[in-house]
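Reading through the structure tokens given below for one structure.
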Amino acid sequence: MKVVVEEDKCVAAGQCVAAAMDVFDQRDEDGIVVLLDENPPAELADDVRNAAAVCPALAIRIEE
């Protein structure tokens, strides 16, 4: 699994961090998503898929 984020689409809602805090964070100055691990371990796959699904801006893409 590879995670790709499009920062220019991010609306700083923080849903990704709530769903997968080991993979996503937010910049302090504007709340834009920060990808902590573009190749997360298999045990986090469900959380990452959930984060992509709940992103209101569809800024997270998963490549299997």
Side-chain angles (χ1 to χ4, degrees):
M1 162 183 281
K2 180 178 179 184
V3 182
V4 179
V5 296
E6 296 180 53
E7 289 184 11
D8 58 324
K9 286 185 174 182
C10 180
V11 296
Q15 298 300 311
C16 57
V17 179
M21 71 171 102
D22 292 330
V23 180
F24 303 101
D25 199 355
Q26 291 177 279
R27 294 191 305 225
D28 289 335
E29 62 271 13
D30 58 7
I32 298 298
V33 64
V34 174
L35 183 60
L36 301 175
D37 187 352
E38 73 175 17
N39 298 106
E43 61 266 14
L44 296 178
D46 287 343
D47 291 345
V48 173
R49 286 187 187 98
N50 184 47
V54 299
C55 176
L58 303 176
I60 302 168
R61 190 173 73 248
I62 298 171
E63 298 173 359
E64 299 290 345

query = What distance separates L58 CG from C10 SG, expressed to the nearest 0.5 Å?
reply = 11.5 Å
ask   = Which pair of non-hydrogen atoms, one from V11 and one from P56, has the smallest distance, and what is that distance?
value = CG2-CG, 4.0 Å
request  = Determine the minimum heavy-atom distance between A19 and N50, stating which atoms define it.
outcome  = CB-ND2, 3.7 Å
task = Quick one: which residue pairs count as a side-chain hydrogen bond (donor to acceptor under 3.5 Å, both in side chains) with a foot in residues 11-36, not counting sequence neighbours?
result = E7-R27, R27-D30
Other residues, nucleotides, ligands: >12 heavy atoms within 6.0 Å of D37 CG = yes
Minimum heavy-atom distance between A59 and C55, given as atom pair plus value = N-SG, 3.3 Å
key: Path from M21 to V33 over hydrophobic side-chain contacts below 4.5 Å   = yes
ask   = Just one of D47, I62, V3 clears the side-chain contact (heavy atoms from CB on, under 4.5 Å) bar with P40, so which one?
value = V3
Distance in Å, E64 CD paired with M1 CE, rounded so as to fall on 0.5 Å steps = 4.5 Å
key: F24 CZ to L35 CG distance, which is reported to the nearest 0.5 Å   = 6.0 Å
request  = Taking the side chain as every heavy atom from C-beta outward, state whether I60 and V5 have any atom pair closer than 4.5 Å.
outcome  = yes
